> 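I have a structure I would like to understand better, so I am pasting it below and will then ask my questions one at a time.
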Amino acid sequence: MEIEFFGAAGEVTGSCHILRFGGQTVLLDCGLIQGSRKDEGRNADPFPFDAAKIDAVVLSHAHLDHCGRLPLLVKRGFHGPVYAQQASCELVAILLADAAHLAERDAKYRSRKTGKKVKPLFTLKQGAAVIGSMKGMKYRKKFQVVPGLQACFRDAGHIMGSCSVELWVEDNGKQKKIVFSGDLGQYDTPILKDPESIESSDVVLMESTYGSRRHRDREHTVREIGEIITQAHAGKGNILIPAFAIGRSQEVLYMLGRHYDEWGLERFHIFLDSPMAIETSQVYWHYTNLYDEEATRLSQENGGMPLLPNLKLSRDTEESMAINRIRSGAIVIAGSGMCNGGRIIHHLKHNLPYEQNHVIIVGYQAFGSLGRKLVDGFESVRIHRQDVQVRASIHTVGGLSAHGDQDDLARWYECMQNRPPVYLVHGEREAQTDFKAYLANRSGATVHLPDPGERLDLNTLA
Ligand SMILES: [Zn+2]
């Protein structure tokens, strides 16, 4: 029995690990590589395995960098089950439908541009096939993935339905336990429960995205947002919040709801202007059994979610365009999170030139994105081939990361009393090197940084 590290070894996206035992092969995640065009081009490369011979997939959560190559796996012959947590299955369905739609649109555009037929990475039909093969499981309930492999999902507190996975492999009369962290959330994240403790394991595959970072205090961030809202009201302006459809949009809505009276939000019109974020929010509002204590209490007191009586869900393009005519008193949450596309672009175009308006950046902005230019203080940006003056105030607030920081990661690891060896995945090399030293020092862990293609023979584990 062995694990081969394939994707997200020494990088942040494309999570995928191959587990082989007793003539069977199971994948842990099958994520998309995200980043530059060149990086994303690697998504079309052949897998280092025969997709038709994969027996099953165990999926940690519904982010594209963990589930985004599943349709490609189907395209290449996979026809087994995909196990994920129940809420995760619903989010994956929303996400893959959107990703397949974009892939088809992109292929059409490139075909037109090059005059050659460009095929999409995968199609809506292949996305739908994945959704049809998904098996929704509950947290903390052990199940059989294939004969010889049992699994149990534990809450990872990262996004709704996110899991750390306990795996028990049996081969030739020997049994080994593997823990795959998935992406781990911060402790005390709103709405979600804390990352669950796992008592022991023979080995841990662990994410390390923010292994070298300490996050800013969340309460500080909340105060900052409150102050911006007060300023916007006094100056009679609008507030734009670019946010990712899954996770961040729901967290922002929840935060606004929690401080509704304190921040005088009844004086604003609040818009969630993204069909995908609306669908995702409905999943978040449905699975109340997955909430932490505070969200459970607030949702019960309110008679359900959302907590905002003046929230308008804007689905149609016309509704979205109508928001652009509002000069004052609007709070607009829209995608994309890095302002690379989506409806936020239109809102930015209409609002950036006026100094009474505010943009609150709540998420990571990659180099080269429009969001990054705003963060970096550009006085003018190009939107739809026009120069747009930036006179609105741009606020960057930290502290809302869906990933745990150095301390959170170590705290989760330390729940394992036997201090198993750690293989760091899902992180840039620099962060991993830092975190390796930190975890070795703080928790006495033996830490490895596997390269892509490296294999771990599970029989050699003590
Ligand atoms: Zn994630």
Side-chain angles (χ1 to χ4, degrees), residues 6-17 27-35 39-40 43 57-70 82-85 87-96 98-99 134 139 153-165 179-187 189-196 204-211 213 215 243-252 276-277 280 283-284 287 290 335-338 362-366 400-406 408-409 412 424-428 431-432 435:
F6 165 45
E11 60 182 330
V12 181
T13 63
S15 176
C16 187
H17 313 289
L27 296 185
L28 306 177
D29 286 351
C30 192
L32 208 63
I33 300 163
Q34 295 175 302
D39 285 337
E40 292 186 1
N43 284 312
V57 179
V58 177
L59 181 65
S60 66
H61 66 288
H63 272 145
L64 271 187
D65 58 330
H66 293 259
C67 69
R69 261 189 291 180
L70 286 170
V82 177
Y83 292 95
Q85 200 278 341
S88 211
C89 290
E90 293 191 35
L91 295 179
V92 168
I94 296 168
L95 206 69
L96 289 186
D98 182 69
M134 293 199 72
Y139 282 129
F153 286 137
R154 310 286 288 256
D155 200 333
H158 167 62
I159 57 168
M160 182 153 278
S162 66
C163 300
S164 298
V165 194
V179 168
F180 173 42
S181 72
D183 284 357
L184 292 163
Q186 295 191 56
Y187 288 80
T189 294
I191 313 174
L192 304 174
K193 289 179 180 155
D194 284 346
E196 227 177 290
V204 182
L205 272 57
M206 187 173 176
E207 73 121 326
S208 46
T209 316
Y210 288 128
R213 287 249 306 254
H215 289 324
F244 296 103
I246 295 190
R248 196 56 47 86
S249 291
Q250 291 74 36
E251 190 180 337
V252 169
M276 193 175 159
T280 304
V283 177
Y284 266 72
Y287 283 94
L290 302 182
S336 74
M338 294 198 230
V362 292
Y364 175 71
Q365 306 297 314
L400 298 187
S401 177
H403 284 272
D405 67 3
Q406 195 174 61
D408 293 317
L409 294 172
W412 177 82
L424 293 183
V425 295
H426 207 281
E428 278 160 10
Q432 293 186 328
F435 187 59

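Just follow the structure's listing: the first ligand is 1, and inside any ligand the first atom is 1. Being a predicted model, the structure only gives us computed values, none of them experimental. One is the number of the first residue; the rest follow in order along the sequence.
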> Please name the residue in the list I246, I33, L32 that meets the side-chain contact (heavy atoms from CB on, under 4.5 Å) test with L64.
L32

> For a distance under 2.8 Å, tell me if H63 has an N/O/S atom near the Zn ion (ligand 1).
yes

> Is the shortest side-chain heavy-atom distance between L409 and E207 below 4.5 Å?
yes

> Give the atom name of whichever N/O/S atom in D183 sits closest to the Zn ion (ligand 1).
OD2

> Name of the H61 N, O or S atom nearest the Zn ion (ligand 1)?
NE2

> From the Zn ion (ligand 1) out to just under 2.8 Å, does an N/O/S atom of D65 turn up?
no

> Taking C-beta and beyond as the side chain, do L59 and M134 meet within less than 4.5 Å on heavy atoms?
yes

> Aromatic rings Y210 and H403: how do their planes relate, parallel, tilted or perpendicular, breaks at 30° and 60°?
perpendicular

